[in-house]
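This report refers to the structure that appears directly beneath it.
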Amino acid sequence: MLTDTRDHDTVDHAMQPEDTPELRALYKGFEDESLIPLWTQLGDLMPIHPKSKAVPHVWKWSALLPLAEKAGELVPVGRGGERRAIGLANPGLAPHAYISPTLWAAIQYLGPRETAPEHRHSQNAFRFVVEGEGVWTVVNGDPVRMSRGDLLLTPGWCFHGHHNDTDHPMAWIDGLDIPFSQQMDVGFFEFGSDRVTDYATPNFSRGERLWCHPGLRPLSGLQDTVASPIGAYRWEFTDRALSEQLLLEDEGQPATVAPGHAAIRYVNPTTGGDVMPTIRCEFHRLRAGTETATRNEVGSTVFQVFEGRGAVVLNGERTPLETGDMFVVPSWVPWSLQAETQFDLFRFSDAPIMEALSFMRRKVEGQV
């Protein structure tokens with residue numbers, strides 16, 4: 001029995017059988033019958049710790065946005081392609097446009113007076129706006145304004161389209177669970193109307209008007225929902241919540257996750273859980289000069305810098321960051337953040353999947 005506690009990749013082959021014609025014939029029989037013996041695959045199938053094919057990677061907003069703008073000039077939006085969305089492809093997962101084994105992220109660009117046609121899919125989706133406004137996303141007939149700092153939800157199997165009501169283009173990021181859905185073979189897709197169902201431009205969606213009153217739940221919505229019924233989580237409330245945490249810290253109250261580090265999680269008001277069953281969304285604010293502890297986590301996570309300057313340390317390599325920049329942290333890769341100025345970051349991850357399946361593990365530097 002193999003009892004060596006070293007990494008499987010470093011274990012020598014003393015336990016392997018001697019190479020003989022009979023052994024080669026046995027392996028040929030395995031191949032002919034589509035069989036693979038465990039003793040030749042153990043290091044890949046059961047590593048000592050997660051070893052993702054995905055790699056840590058940083059995308060610079062200063063490069064992403066000009067490419068999206070050029071796509072706006074050259075590539076039409078409409079049936080067939082559906083969206084002018086450019087996926088962030090992890091170099092370790094080529095040729096797929098996956099940012100991680102479970103998550104998909106893209107920059108989407110909609111030109112002046114353009115409409116992205118309605119469709120729906122099994123995959124859960126959200127949009128986060130780092131700059132600009134003027135676009136409404138219409139989710140199951142409810143027009144939802146998209147503005148800077150807003151998190152917009154499109155839970156699975158909701159019809160949705162987008163329309164730009166202005167003379168200016170707009171870009172934002174999309175996040176979906178496409179790789180997870182594809183691996184699990186659960187995807188469905190359906191075309192909707194060639195136009196979005198409502199071209200209204202209200203300041204607040206019907207979902208917000210019904211659900212976004214602190215501590216109050218409508219009696220018309222007492223049944224829990226698997227995804228949040230709130231279409232938009234507005235920046236003004238996110239900003240205020242983060243500011244209050246830091247003010248309370250200044251008053252000596254234990255309000256932050258760590259000194260100088262305020263954070264919130266967007267939640268489903270019907271359950272108190274995550275906004276969608278496969279994706280967790282958070283927002284983090286670091287005071288200038290704050291550094292987080294290095295941590296390892298099972299699952300993958302993606303950040304986008306909303307405002308400020310700082311850096312991320314991924315697997316020991318430090319990369320400076322500024323507004324709009326995005327980076328991915330694959331499973332069990334050590335990471336930490338460093339704030340040069342006040343540093344605001346939006347984060348999304350596959351944590352709901354990992355926790356629901358009891359796979360989640362975390363290691364934080366300095367904690368037992």
Side-chain angles (χ1 to χ4, degrees), residues 61 105 124-137 139 142 144-155 170-175 202-205 207-217 227-250 253 255-276 279-288 290 292 301-310 321-327 337 339 341-349 351-352:
W61 190 249
N124 295 286
F126 71 81
R127 318 187 195 288
F128 181 75
V129 185
V130 74
E131 61 180 61
E133 55 186 281
V135 170
W136 272 255
T137 182
V139 181
D142 190 6
V144 185
R145 169 175 53 90
M146 297 175 60
S147 299
R148 183 175 184 270
D150 293 346
L151 170 67
L152 301 312
L153 300 186
T154 308
M170 184 175 171
W172 61 88
I173 67 164
D174 292 338
N203 282 332
F204 298 100
S205 63
E208 291 171 83
R209 292 167 62 189
L210 189 61
W211 283 95
C212 292
H213 305 285
L216 304 176
R217 179 169 180 166
S228 173
I230 299 174
Y233 292 76
R234 299 297 178 189
W235 168 244
E236 61 183 296
F237 304 118
T238 303
D239 183 38
R240 187 182 307 163
L242 296 165
S243 297
E244 291 294 345
Q245 285 186 31
L246 292 173
L247 286 172
L248 286 168
E249 180 185 65
D250 292 339
Q253 303 297 319
T256 54
V257 295
H261 181 180
I264 59 96
R265 181 181 298 172
Y266 303 90
V267 298
N268 176 349
T270 74
T271 64
D274 287 292
V275 290
M276 291 184 287
I279 298 175
R280 174 167 296 166
C281 294
E282 300 175 346
F283 201 101
H284 294 253
R285 173 171 291 172
L286 304 181
R287 293 185 192 269
T290 298
T292 68
T301 192
V302 180
F303 283 88
Q304 182 175 38
V305 179
F306 180 67
E307 195 165 26
R309 297 189 310 278
L321 299 170
E322 56 189 3
T323 300
D325 292 350
M326 299 181 66
F327 63 90
L337 297 170
T341 66
Q342 178 175 293
F343 205 30
D344 285 1
L345 302 101
F346 172 75
R347 177 187 185 185
F348 69 99
S349 73

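Predicted, not measured: the structure shown is a model, and the values here were computed from it. All values below come from the heavy atoms of this structure, side chains included, with hydrogens, waters and symmetry mates left out.
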Residues that Asp344 engages under side chain to side chain contact (heavy atoms under 4.5 Å, CB included), provided they are two or more places apart: Trp235, Phe283, Arg285, Phe306, Glu307, Gln342
Quick one: are Val275 and Ile230 in side-chain contact, heavy atoms under 4.5 Å? no
Should Trp136 and Pro202 count as side-chain neighbours, where that means a heavy-atom distance under 4.5 Å? yes
Report the residues that fulfil side chain to side chain contact (heavy atoms under 4.5 Å, CB included) with Ala105, sequence neighbours left out, ordered by chain and then residue number. Ile99, Met326, Phe348
Non-neighbouring partners of Phe303 that pass ring pair (Phe, Tyr, Trp, His ring centres under 6.0 Å), sequence neighbours left out: Phe327, Trp335
Under the side chain to side chain donor-acceptor pair (under 3.5 Å) test, which residues partner Glu244, sequence neighbours left out? none
Side chain to side chain donor-acceptor pair (under 3.5 Å) with Trp61: which residues, sequence neighbours excluded? Glu131
Show the nearest heavy-atom pair for residues Ile264 and Ala241, with the distance to one decimal. CG2-CB, 4.0 Å
Contacts of type salt bridge (charged side-chain N to carboxylate O under 4.0 Å, His left out), residue Arg280, not counting sequence neighbours: Asp274, Glu355
Measuring from Trp211:CH2 to Leu216:CG, what's the distance to the nearest 0.5 Å? 11.0 Å
Tell me the closest heavy-atom pair linking Arg145 and Phe204, and the distance in Å. NH2-CE2, 3.7 Å
Partners meeting salt bridge (charged side-chain N to carboxylate O under 4.0 Å, His left out) with Arg127 (sequence neighbours left out): Asp174
Find out whether Arg148 and Glu133 are in side-chain contact, i.e. whether some heavy atom of one side chain is under 4.5 Å from a heavy atom of the other. no
Checking Ser228 against Tyr266: is there a side-chain donor and acceptor pair closer than 3.5 Å? no
Rounded distance (nearest 0.5 Å) linking atom CH2 of Trp172 with atom CG of Asp150: 12.5 Å
Taking side chain to side chain contact (heavy atoms under 4.5 Å, CB included) as the definition, give me every residue that meets it alongside Thr271, ordered by chain and number, with sequence neighbours left out. Asp224, Asn268
Can you name the side chain to side chain donor-acceptor pair (under 3.5 Å) partners of Thr292, sequence neighbours left out? none
Can you name the nearest heavy-atom pair linking Glu322 to Arg309, along with the distance? CB-CG, 4.5 Å
In this structure, CG of Leu242 is separated from CG of Leu247 (nearest 0.5 Å) by 11.0 Å
Note: Ile279 and Pro352 closest approach over all heavy atoms is C-CG, 3.6 Å
Can you list everything that forms a salt bridge (charged side-chain N to carboxylate O under 4.0 Å, His left out) with Arg287? Sequence neighbours excluded, please. Glu249, Asp250
Using every non-hydrogen atom in the two residues, find where Ala232 and Leu152 come nearest and quote the distance to one decimal. CB-CD1, 3.4 Å
Counting C-beta onward and ignoring hydrogens, is there a side-chain heavy-atom pair between Val130 and Phe346 closer than 4.5 Å? no
For Ser349, side chain to side chain donor-acceptor pair (under 3.5 Å) partners two or more places apart: none
Side chain to side chain contact (heavy atoms under 4.5 Å, CB included) against Ala171, all qualifying residues, sequence neighbours excluded: Leu65, Ile107, Tyr109
